[in-house]
Amino acid sequence: MARVPVLTTAEAAPAAQANLAKVEKAFGTIPNMFAAVANSPAALQSMWGSFGAFSTGALGAALTEQIAVAVADTNDCAYCLAAHTALGQQAGLSPEELATAQRARAAEPKTEALLQFAHSLVERRGKVDPQQLTGLRDLGWTDSQIVETIAQVGLNLFTNYINIALDVPVDFPEVPFQRG
């Protein structure tokens, strides 16, 4: 049971209702995470605005979902792992690609390097080895894509912490963690 109310649009403050309506339009329902975050209209606006901004980002939907499952697995966030696995499949990723991404791995070395970077950001709390950045650039990642990856990790930390701290009930098909 969530540690804050999981609000309906009618129960939410007027300042949150417009964003909940956008969430419902996008998903066909209001996922529990957004319903819990709606307890703070400002937090909901921040979260939904970030998702919207990244929808036109330089990384693309599939790669952002791979990053999200890698971060969720690292942080033991069952909610985000389930949600982003479902969204990753909608973005065209196979179940195998998503399970591999949970371990910050990919069949393509360039993608794997970026996933390893995202995992390192979480594990090392942002203290990256400058050689990692050089390696990413050598593989063809641009500074724009590197910065966006860091921002994606930050957004995923936000959602992971919301779901873990508030014990938000998972309303997507559950996915097992891949780390050993």
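Predicted model only: the values in this text are computed from it and were never measured. The basis for the numbers below is simple: all heavy atoms, side chains too, and nothing from hydrogens, waters or symmetry mates.
- At least one side-chain heavy atom of I150 sits less than 4.5 Å from a side-chain heavy atom of F117.
- One finds the CG atom of L44 at 11.0 Å from the CD atom of Q17 (value rounded to the nearest 0.5 Å).
- Looking at E11, its side chain does come within 3.5 Å of a backbone N or O of T8 through a donor-acceptor pair.
- Residue pairs meeting the ring-ring contact (aromatic ring centres under 6.0 Å, His included) criterion with at least one member in residues 159-179, sequence neighbours excluded: Y79-F172.
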Determine whether T29 and E24 satisfy the following criterion, side chain to side chain contact (heavy atoms under 4.5 Å, CB included), listing intermediate values before the conclusion.
CA-CA 5 Å; T29 187; E24 187 169 18; 5.6 Å; no
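- Taking both residues in full, the closest heavy atoms of A70 and A101 are given as CB-O, 3.2 Å, listed atom of the first, atom of the second, then distance.
- Of the possible donor and acceptor atoms, one in the side chain of D73 sits under 3.5 Å from a partner among the backbone N and O of Q178.
- From L63, atom CG reaches atom CG of L93 across 9.0 Å, with rounding to the nearest 0.5 Å.
- In this structure, the side chain of S46 does not engage the main chain of A42 through any donor-acceptor pair within 3.5 Å.
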Please lay out, stage by stage, how T74 and E123 fare under the test side chain to side chain donor-acceptor pair (under 3.5 Å).
CA-CA 8 Å; T74 301; E123 286 288 306; 5.0 Å; no
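- Contacts of E148 classified as salt bridge (Lys or Arg N to Asp or Glu O under 4.0 Å), with partners at least two apart in sequence or in another chain: none.
- Judged purely by atom type and a 3.5 angstrom limit, W141 uses its side chain to pair as donor or acceptor with the backbone of K110.
- With hydrophobic clusters built from ILVMFWY side chains whose heavy atoms lie under 4.5 angstrom apart, L7 does not share a cluster with M47.
- Put simply, the side chain of L59 reaches to within 4.5 Å of the side chain of L114, judged on heavy atoms.
- A donor-acceptor pair is defined here as one N or O able to donate and one able to accept, closer than 3.5 Å; no such pair exists between the side chain of Q102 and the backbone of V69.
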Working note: V168 + R3, criterion side chain to side chain contact (heavy atoms under 4.5 Å, CB included); need CA distance, chi angles, decisive distance, verdict.
CA-CA 7 Å; V168 176; R3 295 178 180 133; over 6 Å; no
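- Nearest heavy atom pair, residue F158 against residue A43, reads CZ-O, 3.9 Å.
- Looking at T142 and Q145, their side chains do bring a donor and an acceptor atom within 3.5 Å of each other.
- When all heavy atoms of A106 and T100 are compared, the pair lying nearest together is N-CG2, 3.8 Å.
- A donor-acceptor pair under 3.5 Å is absent between the side-chain atoms of N156 and the main chain of V71, judged by distance alone.
- Using a 30° and 60° split on the angle between ring planes, F27 and F34 fall in the tilted class, from 30° to 60°.
- By the 6.0 Å contact criterion, CD on Q45 is open, its count of non-hydrogen atoms from other residues, nucleotides or ligands being 12 or less.
- Within the 4.5 Å cutoff, no side-chain heavy atoms of L166 are placed close to those of M33.
- Tracing side-chain contacts under 4.5 Å through hydrophobic residues (I, L, V, M, F, W, Y), one never reaches L87 starting from V153; they form parts of separate clusters.
- When every heavy atom of A16 is checked against every heavy atom of A38, the shortest pair comes out as CB-O, 3.9 Å.
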List the steps, then state whether salt bridge (charged side-chain N to carboxylate O under 4.0 Å, His left out) holds for D129 with R124.
CA-CA 10 Å; D129 181 340; R124 300 188 69 218; 5.7 Å; no
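- A donor-acceptor pair under 3.5 Å is formed between the side chain of R103 and the backbone N or O of A99.
- The side chain to side chain contact (heavy atoms under 4.5 Å, CB included) test with R105 singles out one residue from Q66, H119, E97, Q116, and that residue is Q116.
- Residues V175 and A82 share a closest heavy-atom pair of CG2-CA, 4.0 Å.
- Residues A35 and V6 come closest through the heavy atom pair CB-CG1, 3.3 Å.
- In terms of modelled atom types and a separation under 3.5 Å, the side chain of N39 and the main chain of A36 share a donor-acceptor contact.
- Distance check: S120 OG to R125 CZ gives 12.0 Å after rounding to the nearest 0.5 Å.
- Scored by the salt bridge (Lys or Arg N to Asp or Glu O under 4.0 Å) test, D171 finds no partners at all (sequence neighbours excluded).
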Evaluate the side chain to side chain contact (heavy atoms under 4.5 Å, CB included) criterion for residues Q89 and L98: first the C-alpha distance (whole Å), next the side-chain angles of each, then the deciding distance (0.1 Å), finally the verdict.
CA-CA 8 Å; Q89 289 174 343; L98 288 157; 3.6 Å; yes
